[in-house]
Amino acid sequence: MMKSIVARSYRARTVFARALREAKSVPTVKAQRSDIVTVAAAAGAVAVTGSLGYYLTCVLGQPDYASIRKEIEDILEDLDYDDGSYGPILVRLAWHNAGTYSTFDGTGGSSGAGMRFAPEANDAANAGLEVARNFLEPIKAKHPEISYSDLWSLAGTVAIESMGGPTFKWKGGRKDISDAKECPPQGRLPDASRGADHLRAVFYRMGFNDQEIVALSGAHVLGRCHPDRSGFKGPWVNSMTTFSNEYFRELFENTWTVKKWNGPLQYEDKSGNLMMLPTDMEIIKDPIFKVYAEKYYKDEELFFNDFSKAWMKLQNLGL
């Protein structure tokens with residue numbers, strides 16, 4: 001038994017070291033080593049990027065988050081859009097906005113709303129998210145006192161709750177950047193065609209562990225992939241607008257084979273209606289990821305609890 005424990009510990013350390021090396025290779029903004037210079041630069045950035053938000057708060061007052069939340073809830077469902085709800089794409093917007101964070105230099109994260117500028121908006125990983133951003137513009141126009149960063153984060157969080165997910169202790173206070181030069185480098189979001197080491201590199205860079213990676217992957221229970229956006233096609237589950245642990249049930253109970261089509265590598269079930277991405281399959285192929293996936297497959301309450309914590313950690317990155 002002791003040999004088994006030692007072996008697992010060595011394997012875990014090896015996996016972590018490999019992922020950390022790759023994480024450090026993911027684009028980051030170069031920072032000065034001097035603590036004094038770093039603190040001064042950060043203070044200057046806050047002074048510049050936070051000025052508009054500070055002005056609006058002084059003139060217009062604090063955002064009425066309760067009213068904004070209600071307005072988001074009221075417009076989520078639309079039978080003419082996709083699977084009948086804007087919820088899934090709002091979750092993707094909130095996730096992609098926050099998922100640029102780097103613990104190595106403190107750049108990116110939930111504050112910023114860099115997708116308002118071309119460098120981040122044109123990142124291939126963000127294709128199609130203009131739909132979500134435009135959808136929220138009427139609310140932003142009505143409530144100019146709320147930052148885009150807060151609006152996007154709140155919209156994604158409210159969407160999860162409205163689709164039957166866990167409740168969150170969401171808080172505001174995110175500031176928007178004011179210039180494209182402040183956008184984080186491209187290439188920080190996950191590439192669905194890659195393997196477990198890539199997932200760890202991306203999520204470790206943000207400060208997440210293996211359990212949190214698996215929990216956040218459970219958000220694939222919502223929505224579908226679109227060929228004109230990600231290149232992939234299809235939903236992960238049959239109930240695309242209901243938050244549950246069905247994603248994990250499909251991973252373990254369904255049979256997945258390589259889809260034969262003129263598109264990127266993805267997997268399909270026997271019906272051909274459902275799909276999984278290469279990164280999804282890593283959740284049950286990787287022995288460490290699989291342990292957590294099995295727990296969430298068997299215990300939805302545990303999944304909801306762990307997802308709630310991981311989602312709020314994600315939404316507070318850089319706050």
Side-chain angles (χ1 to χ4, degrees), residues 15 19 82-85 87-89 91-92 95-96 99 124-129 159-160 163-165 189-203 208 210-300 302-304 306-307 310-311 314:
V15 168
D82 218 15
D83 296 306
S85 173
I89 198 170
V91 174
R92 181 171 169 241
W95 152 227
H96 282 217
N126 292 327
L129 284 178
I160 294 172
M163 291 185 286
L189 294 168
D191 180 346
S193 67
R194 304 281 295 279
D197 285 352
H198 170 72
L199 280 178
R200 288 191 169 94
V202 170
F203 282 91
F208 289 108
D210 287 357
Q211 172 260 313
E212 293 166 322
I213 292 174
V214 178
L216 287 172
S217 295
H220 278 175
V221 72
L222 301 174
R224 64 171 63 237
C225 287
H226 302 76
D228 60 334
R229 298 175 186 178
S230 64
F232 300 100
K233 181 180 181 180
W236 292 267
V237 302
N238 288 306
S239 303
M240 296 82 79
T241 59
T242 300
F243 195 91
S244 68
N245 68 339
E246 187 180 355
Y247 166 78
F248 298 105
R249 182 179 65 78
E250 291 291 356
L251 275 173
F252 284 102
E253 293 185 5
N254 218 329
T255 300
W256 301 97
T257 57
V258 173
K259 180 180 178 66
K260 297 179 181 179
W261 72 314
N262 294 322
L265 173 64
Q266 67 177 70
Y267 298 81
E268 63 180 359
D269 70 344
K270 292 181 179 180
S271 72
N273 296 323
L274 303 182
M275 69 94 209
M276 289 288 168
L277 303 169
T279 46
D280 294 315
M281 299 307 295
E282 292 296 327
I283 298 299
I284 56 174
K285 287 181 180 179
D286 182 272
I288 300 175
F289 287 162
K290 186 177 181 179
V291 170
Y292 299 111
E294 284 182 319
K295 290 181 179 180
Y296 299 147
Y297 161 52
K298 297 176 181 177
D299 190 338
E300 185 176 69
L302 176 64
F303 166 55
F304 273 39
D306 286 355
F307 179 86
W311 176 259
L314 173 68

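Quantities reported herein were computed from a predicted structural model and do not represent experimental measurements.
F303 has its ring centre less than 6.0 Å from the ring centre of F243.
Below 30°, between 30° and 60°, or above 60°: for W311 and F307 the angle between ring planes is below 30°, a parallel geometry. Using the six-membered ring where Trp is involved, F203 and W95 have ring planes that are parallel, under 30° apart on the 30 and 60° scheme.
Here the closest non-hydrogen pair linking L277 and A192 is CD1-CB, 3.7 Å.
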TODO: Kindly indicate, with the supporting measurements, whether the criterion side-chain contact (heavy atoms from CB on, under 4.5 Å) is fulfilled by I213 and Y292.
DONE: CA-CA 9 Å; I213 292 174; Y292 299 111; over 6 Å; no

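Using a 4.5 Å cut-off on side-chain heavy atoms (C-beta onward), H226 and I89 make no contact. Considering only heavy atoms from C-beta on, K233 comes within 4.5 Å of W261 through its side chain. Residues D306 and K295 fail the side-chain proximity criterion, which asks for heavy atoms closer than 4.5 Å. In this structure the side chain of P190 never reaches within 4.5 angstrom of the side chain of T279, judged on heavy atoms. You'll find the side chain of V221 stays beyond 4.5 Å of the side chain of W236, heavy atoms only. Side-chain atoms of L251 and I283, non-hydrogen and from C-beta on, do get closer than 4.5 Å to each other.
Y247 is linked by a side-chain hydrogen bond (donor to acceptor under 3.5 Å, both in side chains) to D280, counting only residues two or more places apart in sequence or in another chain. With sequence neighbours left out, the salt bridge (Lys or Arg N to Asp or Glu O under 4.0 Å) criterion links D83 to R224. By the side-chain hydrogen bond (donor to acceptor under 3.5 Å, both in side chains) test, E212 pairs with K313, sequence neighbours left out. Scored by the side-chain contact (heavy atoms from CB on, under 4.5 Å) test, D269 finds N254, W256, S271, L274 as partners (sequence neighbours excluded). Remark: E246 engages R249 in a salt bridge (Lys or Arg N to Asp or Glu O under 4.0 Å) (not counting sequence neighbours). For the salt bridge (Lys or Arg N to Asp or Glu O under 4.0 Å) test, no residue two or more places apart in sequence or in another chain qualifies with E250.
A salt bridge links R200 with D286: at least one charged nitrogen is closer than 4.0 Å to a carboxylate oxygen.
Heavy atoms of other residues, nucleotides or ligands lying less than 6.0 angstrom from NZ of K259 number more than 12.
Checked by atom type and distance alone, the side chain of N245 pairs as donor or acceptor with a backbone atom of Y297 at under 3.5 Å.
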